[in-house]
S.K.: 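What follows is a structure written as structure tokens; I'll ask about it next.
What you are looking at is a predicted structure, and each value in this text was computed from that prediction instead of being measured.
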Amino acid sequence: MAIEIARPGKTSLIVQTPVMPAAGTLGFADEYRSLIDYASLGALVTNPTTIAPWRPTAGTRVVPLDAGVLAHTGLPNPGLSALVRQYRRAWAKLPIPVVLHLLGTTPAQAKRAAKLLDAVDEVAAVELGLGDDVGVDEAVALVRAAATVEKPLLVRLPFYECQELARPVAEAGADALVMTAAPRGTARDAEGGQLVSGRIYGPLIKPLVLRMVGRLRRELPADLPIIGCGGIHSPTDARDYIEAGAVAVQVDAATWAQPKMLERIARDLGGWIATRHADALLDEWHPDMEPAKAPHSRGTS
Amino acid sequence: MAIEIARPGKTSLIVQTPVMPAAGTLGFADEYRSLIDYASLGALVTNPTTIAPWRPTAGTRVVPLDAGVLAHTGLPNPGLSALVRQYRRAWAKLPIPVVLHLLGTTPAQAKRAAKLLDAVDEVAAVELGLGDDVGVDEAVALVRAAATVEKPLLVRLPFYECQELARPVAEAGADALVMTAAPRGTARDAEGGQLVSGRIYGPLIKPLVLRMVGRLRRELPADLPIIGCGGIHSPTDARDYIEAGAVAVQVDAATWAQPKMLERIARDLGGWIATRHADALLDEWHPDMEPAKAPHSRGTS
Amino acid sequence: MRETQAIVERIKRVNRGYQRLELAVDRSLSALLPGQALLVRRISKDYAAEIWHPYLRDLWFPVDVLASNILVVEQPAREQFVPGQLLSLLGPIGKPLRFRQKLRNLLLLAYATPPTPLLMMLPPLLEQGTSLTMVTMGSARDYDCAHLPEEVEIIQASDDHSWGDMVMTLGWADQIFALVGEGPELIRFAEIMRLIRSRRSDVPANTIFGIFQRQLPCGVGACQACMLPVRPSARLQCLDGPAFDLTQLRLA
Amino acid sequence: MRETQAIVERIKRVNRGYQRLELAVDRSLSALLPGQALLVRRISKDYAAEIWHPYLRDLWFPVDVLASNILVVEQPAREQFVPGQLLSLLGPIGKPLRFRQKLRNLLLLAYATPPTPLLMMLPPLLEQGTSLTMVTMGSARDYDCAHLPEEVEIIQASDDHSWGDMVMTLGWADQIFALVGEGPELIRFAEIMRLIRSRRSDVPANTIFGIFQRQLPCGVGACQACMLPVRPSARLQCLDGPAFDLTQLRLA
Ligand SMILES: Cc1cc2nc3c(=O)[nH]c(=O)nc-3n(C[C@H](O)[C@H](O)[C@H](O)COP(=O)(O)OP(=O)(O)OC[C@H]3O[C@@H](n4cnc5c(N)ncnc54)[C@H](O)[C@@H]3O)c2cc1C
Ligand SMILES: Cc1cc2nc3c(=O)[nH]c(=O)nc-3n(C[C@H](O)[C@H](O)[C@H](O)COP(=O)(O)OP(=O)(O)OC[C@H]3O[C@@H](n4cnc5c(N)ncnc54)[C@H](O)[C@@H]3O)c2cc1C
Ligand SMILES: Cc1cc2nc3c(=O)[nH]c(=O)nc-3n(C[C@H](O)[C@H](O)[C@H](O)COP(=O)(O)O)c2cc1C
Ligand SMILES: Cc1cc2nc3c(=O)[nH]c(=O)nc-3n(C[C@H](O)[C@H](O)[C@H](O)COP(=O)(O)O)c2cc1C
Ligand code: FES
Ligand code: FES
């Protein structure tokens, strides 16, 4: 079953398997080529990018937590133009569409990025990442600016403001919502001994975000696709998001610990959704089975 | 070191050790008497109570999660008057002050509860619990009504709305803020097989709430005490909250798995803060040491 | 109710799916009676190395008391234990089962669950001359009973949960204890009650008990997560259970 | 870089604080060279029983290759392993250390860390006639070196991080590899550089290398959490490390 994210006057993003990596976890292109079969995934979502180059923060840090991790990198990237030059060939070779994650900095930069990316055929869609503490007005301005892109625009909502931003962002032109970015948190850095802040990953994030997806699915227009993202660590986790109303999921830090998990989830969900539509039993699909052969006629739904 | 939560025209709550249980985890009175030395704690915070009796939900549920748990009980309680009759003798026998947790239902009920509780000497303070999705106006009205109590009023903020509610709630008459209630989440019930919602407990909640405490400590008036609550599972976790600006902490579901942990944290923090004030080394206090003898003259700070 | 430590002393496989562990426990636990359980958590000597997964304690119903400080428990064989493993035990949890005086025929029903919580009562009841029948239903039929005392009559129900002599077995029983697993227990107990009512005209109070096996967060009556809809008012599995009169339960 | 499985075959205590594990590994890993590491995760046969604590993989620098499919690693004795334990390995991680041609005197510094990542190079360098000196500083002095090849000269620095012959040891070294632990590594490496500069006038490029041991989330250059402030532009420990020329590092 394919998912199409489309809007009149725009190109479509067609995702064959409703599973992709979350921005920030799988790199900019094919860094995981020796560990993951990219063809099993629905799309590649790149690491966050910006118009201007960003350098790593001085305090790059990884803090192990109980059943989780805090990470803070400063989201280094060489800036959008350099990045496109560096990776477009690798993107062209990937068997799946590339969704470029653009950090929301200013509306002017978002507009520039939109224009720049419309000229890059290797990018199939743009995902705009909204920062923490972005207000509704700023979010709307950023989304309006980014929505000038002719490709589909996904918008990733911050964890704490997800509920508040979802509707205004949708009305400002988002073609799909990604719920959510990893929540920010504070932990004691084993290295430096101080309290430091960063993104929090781990399985316990899942019940929190799953609830938001379920609630917002009931509140938002039914034709607005929601992509679930947060604490997915197993095929079951991913199915729960689909059942809560997400059309697709993004897997984040689980890939670091178990690279094969992303592929496993992708195969499971690809198979699950295909068989469900054919009225088959769940049991006929086992995550360790090879990917299902594509049906002869593969429609878009 | 004692902490005093006071306000002109009100009685004071004096907590000798900055560690107490979170409402909902330790019961209404001395349920843990055979496992925990209550004298080591700063206070008992009761399970949530209401004016009217509340019955358990039909779907009482406990869902194990990775390094955590979802719990949903419906917060059963016999209603405030019956409850006071049932437990006041047990409260009187406790060696520590009792903080009664009152669920915020309606301002009228909060006012009635305030009046009722002022007549109950065994209750030293009231903690008002604000529900999820309570708006700012409703929260303010509830706090104003509950603040008619002559005892100190602590207000426990819901997780998702903590940032938004903190200042209005403080201005409406809270003598201290408890940050936060356990976040609500959704998980698949192993028993029934459906997605169900409930409170989420586990160590990964800590970095999320710790960040809120740190941020709000910097934003709120310095004389407004913050009590940190969320994912505390070790003395180190508790110290992190104190360092982030909390005057005290509440320990939640860790007590279920390791009843002695609450006492251990209480001894550690009691000892830690006492020795810190005396310029002693941290190493002089070990969590397995017996509780420190009370200093001869114990002032309130 | 206390928190004590135990050590896994000996591990013996008893059948295809299960192993028995001998635990060296605090002597106070040798007074444990059938129906009472323990809340168990694996611990290590290094307290700082606390692992929070699994988060809640497991509920273990011992199957035997070997000596004043040795309890026997039965665990799935897939759970890995090694001799020397340290455990923290909270217990005893719950009230002992109450048997009729002059109990002649006792019927045990295990439906979609290993019958572990029923095993501790077998030797003492056999000794006092009670005739014991255990019916396994659904996936409980996969449990291999060869290691149980041979005086216990084991009946495997058929797929429709009936068995030969069903009316007689149900009618003759002075008392019935039922155990259910997998899926919503109130619904499962309701099925059991329908089954019994369909074959036995009178189902008096204090005859048919359901034994609950919910995961208990606190075990001391504090968290109220184990509350059960019993008449006249809700009761807690951890304090009042594990057995409740099924005629007094508000079933699903 | 591949994901492969390994089995713990044999466990041997080598001194008070450490044990060595022999791992049966995929043959491709026998080509691993000093400086290269593995990202390791304990796994069980039952994939559904995945445990997410610890969350990230551990970084293990093997200390020896015994046969085409046996790697040796050194682990703290307090870590519990049993023969038969399954591991998932990602690797090899990083680039082999690059030694000078005609390396005569190599100096190894271990500061507040067990010297494990330095051990694999010892036998081959000794064989080619290199003279090896290892200085332990701070808590690294607690590491018992008795099981290391006796040709390696071991010097314990004093509390102020100096040692007899310090000027000579530092001056004669053709190459220096330094290892730091506990606390901010950039600050520790800066201390090391100050120490060396204070006793040795010339510190040319490509002479003094710091070996980084950060915990690596991905190991493949994707997460960018292992980025280090190296001139002219930031580099990744997982792809370009673990060794970086300390004269090219923007130290804290
Ligand atoms: C995607 C999804 C699928 C679900 N599927 C099922 C299903 O198949 N079967 C099923 O049984 N459940 C299911 N649930 C759970 C059930 O729908 C939820 O409990 C309910 O929708 C409330 O969810 P909530 O997130 O709004 O909970 P919350 O807002 O956290 O509320 C928690 C509980 O408090 C109650 N509550 C809140 N305010 C009040 C009030 N003022 N007075 C009285 N009670 C109040 C709510 O009804 C709810 O039960 C599902 C939930 C989700 C998110
Ligand atoms: C209680 C507490 C104590 C702390 N103690 C220390 C300490 O002793 N030493 C120490 O080093 N750190 C410490 N920190 C961490 C440091 O203070 C935080 O990283 C910083 O305060 C930002 O925290 P935040 O929660 O606002 O982060 P967030 O709002 O999540 O911001 C994350 C990062 O993004 C940056 N950022 C946000 N917006 C922008 C923007 N528009 N442009 C550029 N950058 C931006 C912030 O500066 C921050 O570094 C502490 C944090 C807390 C909560
Ligand atoms: C508007 C804005 C501008 C930023 N500019 C820079 C920058 O120039 N350089 C940089 O290293 N980080 C910059 N940051 C990144 C932040 O410092 C922070 O690292 C980032 O939000 C991601 O943090 P994380 O790695 O903890 O997720 C900026 C962030 C925002 C929101
Ligand atoms: C205003 C309000 C009124 C409620 N009234 C009842 C009630 O009469 N009976 C009941 O069982 N629960 C009642 N609830 C409780 C909810 O159903 C829910 O169980 C409660 O918020 C706590 O859920 P938890 O156990 O998952 O934390 C009420 C909740 C709120 C906010
Ligand atoms: S388990 Fe907590 S009240 Fe029974
Ligand atoms: S560990 Fe992820 S980039 Fe190096």
S.K.: For chain A, find its close neighbours in residues 207-230 of chain D: heavy-atom separation under 4.5 Å, sorted by number, or none.
M.R.: R214(D), Q215(D), P217(D), C218(D), V220(D), G221(D), A222(D), C223(D), Q224(D), A225(D), M227(D)
S.K.: Is chain A contacted by the side chain of R2(D), its backbone, both, or neither, given a heavy-atom distance below 4.5 Å?
M.R.: backbone
S.K.: Which residue out of G68(A), A190(A), G193(A) racks up the most heavy-atom pairs below 4.5 Å with chain D?
M.R.: G68(A)
S.K.: Need one label for P54(D): side chain, backbone, both or neither, based on atoms under 4.5 Å from any heavy atom in chain A.
M.R.: neither
S.K.: Looking at every non-hydrogen atom in both residues, tell me the closest pair between G202(A) and Y55(D) and how far apart they are.
M.R.: CA-CE1, 4.0 Å
S.K.: Pick one of side chain, backbone, both or neither for N47(A), based on which atoms fall under 4.5 Å of a heavy atom in chain D.
M.R.: side chain
S.K.: Can you name the residues of residues 79-86 of chain A that have some heavy atom under 4.5 Å away from a heavy atom in chain D?
M.R.: none
S.K.: What option among P76(A), A58(A), A254(A) has the most heavy-atom pairs under 4.5 Å with chain D?
M.R.: P76(A)
S.K.: For chain A, which residues of residues 88-98 of chain D have at least one non-hydrogen atom nearer than 4.5 Å to it?
M.R.: S88(D), L90(D)
S.K.: Going by heavy atoms in the side chains, are L56(D) and W256(A) under 4.5 Å from each other?
M.R.: yes
S.K.: Looking at P259(A) and R57(D), what are the two nearest heavy atoms and their distance?
M.R.: CD-NH2, 3.9 Å
S.K.: So which pairs with a foot in residues 59-84 of chain D pass ring-ring contact (aromatic ring centres under 6.0 Å, His included), sequence neighbours left out?
M.R.: W60(D)-F81(D)
